[in-house]
Amino acid sequence: MRAKIHLEEALKKALADKGWDWPDKTVIESPKDRQFGDMSANVAMMLSKQARMAPRAVAEALVQALSGDALIEKIDIAGPGFLNFTFAPSFWRETVGHIRRAGGSYGESTLGNGTKVQVEYVSANPTGPLHIGHGRGAALGDSLVRIMEKAGYDVQAEYYINDAGRQMLILGNSILFRSRQLAGQDVTEPEDFYRGDYIIDIARACLKANPALLDLPEAEAMEICKNYGMADILQGIKDDLAAFGVRHDNWFSEKSLVADGKVEETFADLRASGMGYEADGAFWFRSTRLGDDKDRVLRKSNGDTTYFASDIAYHDNKFKRGFDLVVDIWGADHHGYVPRMMAACEALGKKGGLAVILVNLVNLLKNGEPIAMSTRAGQFETLKDVVDEVGADASRFMFLSRKSDSKLDFDLELVKQKSMDNPVYYVQYAHARIRSLQKKAEETGLKAADDTALAPLDTEHDADLLRLLDQYPDYVESAARTQSPHLISMYLQELASTLHRYYTHCHVLSADPAVASARLALLGCVADVVKNGLSLLGVNAPESM
RNA sequence: GGGCUAUUAGCUCAGGUGGAUAGAGCGCUUGCCUCCGGAGCAAGAGGUCGCAGGUUCGAAUCCUGCAUAGCCCA
């Protein structure tokens, strides 16, 4: 981050001196291959047309202009107009001091500038326990909240409870049916009901709490079953999420929207703006005006409002609560719904105010064999089962190791393995290794060097670690901007890999005391940044393993 | 029938505001245990970035068509 900032400022000044405009498409980045130096910029290529000069000539002019910069040791011009910069070793060593001064706040930025953001995630219907697919959404949402907060956004995490729809009726019906079965009544199976065994448990508890349940009129009994079941399942969901380390600041009920008349309010708004109209006894959303191939029904002629209607009202409500940006995390099977929801937000006057992140399927495997899951069939692997078996850390890291919209194979045996197949151990081990080293150093009375005694950090291995540490804030910003927690996971794997390499090549305790204490200072920063990054994923950094 | 998304090494996947010799892990081959945790490290082999066109000085990246797969809608 410091390298990037310094370079950008120096280049901008040089361009201003030449009277050239800064090209928007300039990319300043840390090249993968070290032969290209510490940082590279394609600015000469970008400027070529504007300056009416060949890229090479532009590059040479820029090298000339930057020659007085004390922090830059070397500038190379590469073939297609790249400038490759190598910074002075002392510049990199200052990274240690920056990280130490920042402490746990290293990586924070003002990117978000206090923008009010809401991230809504999981939001599973309270009709059954969370399964592993919800787990992926939970890990993603929670991590995104942490990352965006780190990047300076003001974030609220919300869970939307679909407690007003047809599913709730089916749930009540399922519980009532099982209650009657438990009471020995001869009842026929409803055609649509939740078959999972957990319904039987709930029915048993519901009967115990309401001994006269089955003597009540059908509608009344059904209502009791429904409410009992929902409360019970919702509590289970909250418990599972808590055990998974996931935070929601607000639990928002769909029913409350309807009860407070918010849906009608939103309808009135749409009518006023011309985006809603009555026809054929129904109320329509004029989505054709926003590119949809047909208008969508919001209230059918029988008076029922559609899911889409409550979703529009819900998003209207979110915006009225003052959020500048609303992020929804949905299952990838809802992708067809995204343009419609976007159009609805546009109709509400909040174009660009909604971002939808799609989470693809999780294929649960055991030793390579797929495990089927279906809530309806009552055969699934719950999130709780998975967390109990492999642990929250390992499952979270696994969920966040891929970008969210690609499918993920989750092999229970693989995730449990403490090997290279399982990146979480590789990363956590890097932290534990350093902590162990620090303990040993303490026993022998070796102290980490202060910022003025870091000169011994002069090998390529030192530079590799320092450069990577300097990049951490860039990764946090990038992860926040593109809403991609997996970037942090990939960064940590690279940092861990570099650390393990360092560890093999550069011994600490057996080195000369001045070298040893300088290395100890560097590795202390590495451990802190590993811990820092893991915390953004919601994963622990154990002192020993 | 219409639409969305995908297709990158043997496997699982990164990489997309167009830019250098396309990256990682696993697996495979070959080395490294007198040394702070070998749960590790080093080197190597492995690619027409699904196919065919187009735009461009330059395409894994953008456009068009096709193939295959998954999903959504009617």
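Throughout, protein chains are lettered first and strands after them, A, B, ... in sequence-line order, and every chain is numbered starting at 1. This structure is a prediction, so every number in the text was calculated from the model and none was measured.
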Does A/Leu487 or A/Arg296 map to a spot on RNA chain B nearer the 5' end, using the closest nucleotide for each?
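Upstream on the strand: A/Leu487.
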Mapping A/Val508 and A/Ser401 onto RNA chain B by nearest heavy atom, which one lands closer to the 5' end?
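Counting from the 5' end, the first nearest nucleotide belongs to A/Ser401.
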By centroid distance (under 5.5 Å) and plane angle (under 30°), are A/Phe82 and B/rG19 in a stacked arrangement?
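No; by the centre-distance and plane-angle rule, A/Phe82 does not count as stacking on B/rG19.
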Can you see if the side chain of [X] gets near the phosphate of [N] - specifically, an N or O under 4.0 Å from OP1 or OP2?
{"X": "A/Arg433", "N": "B/rG38", "result": "yes"}
{"X": "A/Arg402", "N": "B/rA14", "result": "no"}
{"X": "A/Tyr429", "N": "B/rC41", "result": "no"}
{"X": "A/Ser436", "N": "B/rG37", "result": "yes"}
{"X": "A/Lys407", "N": "B/rA69", "result": "no"}
{"X": "A/Ser497", "N": "B/rG40", "result": "no"}
{"X": "A/Lys403", "N": "B/rA14", "result": "yes"}
{"X": "A/His334", "N": "B/rC73", "result": "no"}
{"X": "A/Tyr426", "N": "B/rG25", "result": "no"}
{"X": "A/Lys440", "N": "B/rG37", "result": "yes"}

Hunt down the Watson-Crick or G-U wobble partner of [N], both distances under 3.5 Å, from any strand shown, or write none.
{"N": "B/rU56", "answer": "none"}
{"N": "B/rG65", "answer": "B/rC51"}
{"N": "B/rC11", "answer": "B/rG25"}
{"N": "B/rC4", "answer": "B/rG70"}
{"N": "B/rA20", "answer": "none"}
{"N": "B/rC33", "answer": "none"}

Given [options], the nucleotide with the shortest approach to the side chain of [X]:
{"X": "A/Ser406", "options": "B/rC13, B/rC36, B/rG19", "answer": "B/rC13"}
{"X": "A/Ala432", "options": "B/rG37, B/rC13, B/rU21", "answer": "B/rG37"}
{"X": "A/Met46", "options": "B/rC41, B/rC71, B/rG19", "answer": "B/rG19"}

What's the base orientation of B/rC33: syn (chi within 90° of 0) or anti?
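You should classify B/rC33 as syn.
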Under-3.5 Å donor-acceptor pair between [X] side chain and [N] base:
{"X": "A/His335", "N": "B/rC71", "value": "yes"}
{"X": "A/Asp405", "N": "B/rA6", "value": "no"}
{"X": "A/Ser40", "N": "B/rA20", "value": "yes"}

At 4.0 Å (heavy atoms only), tell me whether [X] reaches a base, stays on the sugar-phosphate, or touches nothing.
{"X": "A/His500", "value": "sugar-phosphate"}
{"X": "A/Met45", "value": "base"}
{"X": "A/Val27", "value": "base"}
{"X": "A/Tyr337", "value": "nothing"}
{"X": "A/Asn360", "value": "nothing"}

Before we go on, tell me: are the rings of A/Phe285 and A/Tyr277 under 6.0 Å apart, centre to centre?
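No; A/Tyr277 has its ring centre 6.0 Å or more from that of A/Phe285.
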Please find the pair of heavy atoms, one from A/Leu47 and one from A/Asp21, that lie closest to each other, and give the distance.
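Heavy atoms of A/Leu47 and A/Asp21 come nearest at CD2-O, 3.5 Å.
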Taking the same atom, P, in B/rG3 and in B/rU64, what whole-Å distance lies between them?
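Approximately 12 Å lies between the P atom of B/rG3 and that of B/rU64.
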Roughly how far apart, to the nearest Å, are B/rU7 and B/rA43 at atom C1'?
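The same atom, C1', in both gives a distance of 32 Å.
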Short question: side chain of [X], backbone of [Y] - any donor-acceptor pair under 3.5 Å?
{"X": "A/Ser395", "Y": "A/Gly391", "value": "yes"}
{"X": "A/Thr459", "Y": "A/His461", "value": "yes"}
{"X": "A/Trp284", "Y": "A/Ala279", "value": "yes"}

Salt-bridged, [X] to [Y], with N to O below 4.0 Å?
{"X": "A/Arg166", "Y": "A/Asp192", "value": "yes"}
{"X": "A/Asp409", "Y": "A/Lys407", "value": "no"}
{"X": "A/Arg396", "Y": "A/Asp142", "value": "yes"}

Measure the distance from CG on A/Leu495 to C1' on B/rG25 and round it to the nearest whole Å.
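After rounding, the gap between these two atoms is 16 Å.
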Find the distance A/Leu437:CG to B/rC35:P and express it as a whole number of Å.
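Checked: the CG to P distance equals 16 Å.
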